[in-house]
Amino acid sequence: MTSILSKQSLILTTFSLALTRLSYCSVTYSNIPSIANYFGTKGRYEEVNPYLLNNMTLVNKSLLIQTSSEGCKPVHVTAIIRHGTRYPTVKNIKRMQRLYDLVINEASNDETWLEEIKSSWKMWYTDDMDGKLVEKGRDDHRYLAVRLSKLFPSLLSEANLRHHRIRFQTSSKHRCVDSIEAFQQGLHKHWGLEEVWYRHEVNDKLMRFFEHCRGFVEAVENNKTALAEVKKFKEGPEMGDVRRKMAQQLNVPYERVTPDMVEAAFFLCAYEFAIKSLHTPWCHLFDLNDAKVLEYKNDLKQFWKRGHGHSINSRSSCVLFHDLFNRLELAVQHLRLGQELPEAVTVQVGHGETLLPLLSLLGLYKDPAPPTADNYSQQHGRSFRTSEIVPYAANMLFILYDCRDGPRVQFLLNETPVRFPGLTSESEVPLYSEVRQKYRELLEGCDAQKECEFGIWPQYRGHHGNTEL
C-alpha cells in the first residue's frame, strides 16, 4: 500500500468545473443517441440519472427525506466508486483502426452519415491514450464529490478533511488515481479553498483484489472455457444478424465484418458520446434492437467474468467485503460508547471489476435464470444490466445512521436507494443488526486467502452462483 500526500495550488476560478458546465451539461436530449441507454460499461453516468443532465451538482433530495423520517442522523459514509470516463484501451483502439480502414477503403453507399465518416471524421484515438482518464472523467468525480458533500455536509466537510477523518484509497491505475484526485478537487472547490491537499493511499489488494486472487486468475481470467457462453453468443444468430445488417449498410462482404468490428463500431458510438458528448455518425450503424444485442453480449462477459456466473468471481471480493463491514462495526462500537468515530467518510476508487463482484457477493442483481448464449429472448427483463449498474463513475454508498432505535445502514447504488436482498424489514434504512445477521455466514467465513486458493476451484464446473468456478 502506497500513501500519497501532496499539496497543489490551483487557480480554482478557471477550474474546469465552470467550463464543463457549459460543454458537458449543455447536451440536449435531441443530441443523445437513441441507443445511449445500452452502452454497458461504456455508458455515461447521466443516462442512469437523467436529472443530472442540466445540473451535475443536483442532489436527490428524496434521500434526505427518507432518512430524516426515521429520526436518524448520518455518522459515516463509505463510498466505493468506479473511475470516471476514460479513453479506450489499446486493444479496442486497434480494433477501431481496423474498422476505420475497412470503412475508408471499402465501404460505399449514398448515405450522408457514411460520407461524413469518410470526409470529416478522422481516427484520432492513439495507442498512448490506453485507458487514461479524460477531462469528462475528472468532472464525473468532481461533481460527484460536490453532490455527496451537499448530501452529507456534516461528514464530507472541510473540518473532517483537516482532522484526517476522511480517508481516500485508490487502485494504482492512472485513471483511478486521477479520479480520486479529481474527487478531492471537487471538495476543495465546493468549500471555496484555493489550495488542494491530495491525501490518498494506493491499495491494490483492496481495489484490485481480483489480481491477487489466484483462484480467480487461474479458473476464470486465464481459463478460456469460463467465458464459453460469450464465445457462443458472438458466433450465434443474434450477432450474425447485426453483422449482416452492418455489412449491408457498408456494402461490403459479410465475412469482412467480424464480431470484433461490430463491437468496435458500437464502442466508437459510445466513446464519442461519453468523451465528447457527440452523436457521431458511427451511431447510425445501429438501431435499438442491435444495441440490445450488443449490450447483452457485454453483459454476458461481465456476468460470467465478474458477476454471479462463477462463485469465485464474487468470493474474490471477500477482502473488500470484510474491509467494509469491519469499518461499519468499528463505527457502531464507537457509537455505543458515545465516542467520536475515527473515520467520518471513506472514499475508495477502483474499477467496474471492483464493484461487480462485491455487488454479486451481496446477492444483488441475481436473476432467476442466468444469461446464456441461448436464452437472449428470455432475458429482456433481467436485472443484471451493466448499463444501469456500472456506468462510468458508478458508486456504491453505504451510509451508517445513528437512530433512536439503534444504528441503521442504507445502501445506495448510483445515488439511488437499493434494498439489501432477503431482509424481513421493508425499510430502505434497515437496522444494522439485521443487515449484519443477513450476511452472518459471509462475515464468519469468506476468508480471502482460503477462497482464492486455486486448488479448490478446478474440480467445479457449473453456473449461477452454486458449485461452480
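Checking side-chain atoms of His308 against main-chain N and O of Leu364 turns up a donor-acceptor pair under 3.5 Å. Side-chain N or O atoms of Trp304 include one that pairs as donor or acceptor with a backbone N or O of Pro371 at under 3.5 Å. Here the side chain of Arg385 pairs no donor or acceptor atom with the backbone of Asp299 at under 3.5 angstrom. Between the side chain of Asn414 and the backbone N or O of Tyr45, no donor-acceptor pair lies under 3.5 Å. For the pair Glu415 (side chain) and Leu148 (backbone), a donor-acceptor distance under 3.5 Å is absent. The backbone N or O of Ala145 lies less than 3.5 Å from no partner atom in the side chain of Ser149, so there is not a single donor-acceptor pair. Looking at Asp447, its side chain does come within 3.5 Å of a backbone N or O of Lys450 through a donor-acceptor pair. Under a 3.5 Å cut-off, the side chain of His190 and the backbone N or O of Tyr143 do not form any donor-acceptor pair. Judged by distance alone, the side chain of Lys118 and the main-chain N or O of Ala107 form a donor-acceptor pair under 3.5 Å. Counting only distance, with no hydrogens or angles, the side chain of Tyr439 and the backbone of Leu362 share a donor-acceptor pair below 3.5 Å.
For Tyr271, there are no ring-ring contact (aromatic ring centres under 6.0 Å, His included) partners two or more places apart in sequence or in a different chain. With sequence neighbours left out, Phe286 forms a ring-ring contact (aromatic ring centres under 6.0 Å, His included) with Phe266. Take His83 and apply the ring-ring contact (aromatic ring centres under 6.0 Å, His included) test, not counting sequence neighbours, and it matches His351.
Annotation: cation-pi geometry satisfied between Arg243 and Tyr254 (NZ/CZ under 6.0 angstrom from ring centroid, within 45° of ring axis).
Between Leu412 atom CG and Glu428 atom CD the span is 9.0 Å, to the nearest 0.5 Å. How far CZ of Phe209 is from OG of Ser316: 4.5 Å, rounded to the nearest 0.5 Å. One finds the CG atom of Asn375 at 10.0 Å from the CG atom of Asp367 (value rounded to the nearest 0.5 Å). Between atom CD of residue Glu263 and atom CG of residue Leu99 there is a gap of 12.0 Å, rounded to the nearest 0.5 Å. Between Met129 atom CE and Ile93 atom CD1 the span is 6.5 Å, to the nearest 0.5 Å. Rounded to the nearest 0.5 angstrom, Lys205 NZ and Leu320 CG are separated by 14.5 Å.
A salt bridge links Glu135 with Arg138: the distance from a Lys NZ or Arg NE/NH1/NH2 to an Asp or Glu carboxylate oxygen falls below 4.0 Å. Between Arg44 and Asp140, no side-chain nitrogen of the basic residue sits less than 4.0 Å from a carboxylate oxygen of the acidic one, so the salt-bridge criterion is not met. No salt bridge links Lys136 with Asp139; every basic N to acidic carboxylate O contact stays at or beyond 4.0 Å. Salt bridge annotation for Glu295-Arg382: present, with a cationic side-chain nitrogen under 4.0 angstrom from a carboxylate oxygen. Ion pair Lys232/Asp374 flagged as a salt bridge, since at least one NZ, NE, NH1 or NH2 atom sits closer than 4.0 Å to an Asp/Glu carboxylate oxygen. Between Arg175 and Asp178 there is no salt bridge, since no side-chain N of the basic residue sits under 4.0 Å from a carboxylate O of the acidic one.
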For this session: Given side chain to side chain donor-acceptor pair (under 3.5 Å), test Tyr125 with Glu272 step by step and report yes or no.
Result: CA-CA 10 Å; Tyr125 298 99; Glu272 293 285 276; 2.5 Å; yes
For this session: Check step by step if side chain to side chain donor-acceptor pair (under 3.5 Å) holds for Thr424 and Glu434.
Result: CA-CA 9 Å; Thr424 56; Glu434 187 179 358; 3.0 Å; yes
Problem set entry | Pair Trp124-Lys276, side-chain contact (heavy atoms from CB on, under 4.5 Å): steps then yes or no | CA-CA 12 Å; Trp124 61 278; Lys276 294 183 171 184; 3.4 Å; yes
Problem set entry | Verdict with reasoning, Thr386 to Asn298, per side chain to side chain donor-acceptor pair (under 3.5 Å) | CA-CA 8 Å; Thr386 55; Asn298 180 59; 3.2 Å; yes
Exercise. Could you walk me through whether Leu324 and Leu328 pass the side-chain contact (heavy atoms from CB on, under 4.5 Å) check?
Worked result: CA-CA 6 Å; Leu324 166 66; Leu328 293 176; 4.1 Å; yes
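Nearest heavy-atom pair, His310 versus Ala226, reported as atom, atom and distance to 0.1 Å: NE2-O, 2.9 Å. Listed here is the closest heavy atom pair of Val435 and Pro430: CG2-CG, 3.6 Å. Closest heavy-atom contact between Met261 and Arg98: CE-O, 3.8 Å. Annotation for Ser387 and Val48: closest pair O-CG2, 3.5 Å, computed over non-hydrogen atoms.
Side-chain atoms of His141 and Val347, non-hydrogen and from C-beta on, never get closer than 4.5 Å to each other. Put simply, the side chain of Gln348 does not reach to within 4.5 Å of the side chain of His200, judged on heavy atoms. Contact of the Lys297 side chain with the Val230 side chain is registered, since non-hydrogen atoms from C-beta on lie closer than 4.5 Å. The shortest distance between side-chain heavy atoms of Val196 and Leu187 does not fall below 4.5 Å. When side chains are defined from C-beta on, Lys245 counts as touching Asp287, because their heavy atoms get closer than 4.5 Å. Contact of the Phe420 side chain with the Val409 side chain is registered, since non-hydrogen atoms from C-beta on lie closer than 4.5 Å. Side-chain contact between Leu114 and Gln249 is absent, with no heavy atoms from C-beta onward closer than 4.5 Å. The side-chain heavy atoms of Asp204 and Ser171, taken from C-beta on, include a pair separated by under 4.5 Å.
Considering Ile35, Ile32, Asn31, Thr280 as possible partners of Phe273, the one that fulfils the side-chain contact (heavy atoms from CB on, under 4.5 Å) test is Ile32.
More than 12 heavy atoms of other residues, nucleotides or ligands shown are found within 6.0 angstrom of NZ on Lys438. Other residues, nucleotides and ligands place more than 12 heavy atoms under 6.0 Å from the NZ atom of Lys234.
In the model, Ser108 has a side-chain atom that pairs as donor or acceptor with a side-chain atom of Asn251 under 3.5 Å.
The aromatic rings of Tyr376 and His380 sit perpendicular, their planes meeting at an angle over 60°, well past the 30° parallel limit.
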